[in-house]
Amino acid sequence: MDRLTVEAEHTQGFNGDREELRGRLRRQLKAVTGVGAEVALLAPGTLTRAVHKAKRIDHRRQHVWS
């Protein structure tokens, strides 16, 4: 089964409950898109910044057609 993982950074100085924030993001993503997703919550500055056209999907499936 395919899985969708969304990586998000929390803001600098965030002192709240990280698990509560992950859950809130998961619920909002499901409500808006209708698709369930895992959320990887990262520290600020962790995600690389794109300097070109954004890559919307990172396809990591292997042996899809076998």
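Across every non-hydrogen atom of T46 and E9, the tightest pair is N-OE2, 3.2 Å.
Inter-residue side-chain proximity for H10 and R18 is flagged as met; some heavy-atom pair is nearer than 4.5 Å. When side chains are defined from C-beta on, L4 counts as touching V35, because their heavy atoms get closer than 4.5 Å. Side-chain contact check for L25 versus L41: some heavy-atom pair is nearer than 4.5 Å.
Note that CZ of R27 is 11.0 Å distant from CG of L29, once rounded to the nearest 0.5 Å.
Taking hydrophobic clusters as Ile, Leu, Val, Met, Phe, Trp and Tyr residues chained together by side-chain heavy-atom distances below 4.5 Å, F14 does not share a cluster with L47.
For E20, the CD atom counts as densely surrounded, since its 6.0 Å shell holds more than 12 non-hydrogen atoms of other residues, nucleotides or ligands.
Residues R26 and E38 are paired through a salt bridge, judged by an N-O separation under 4.0 Å between the basic side chain and the carboxylate.
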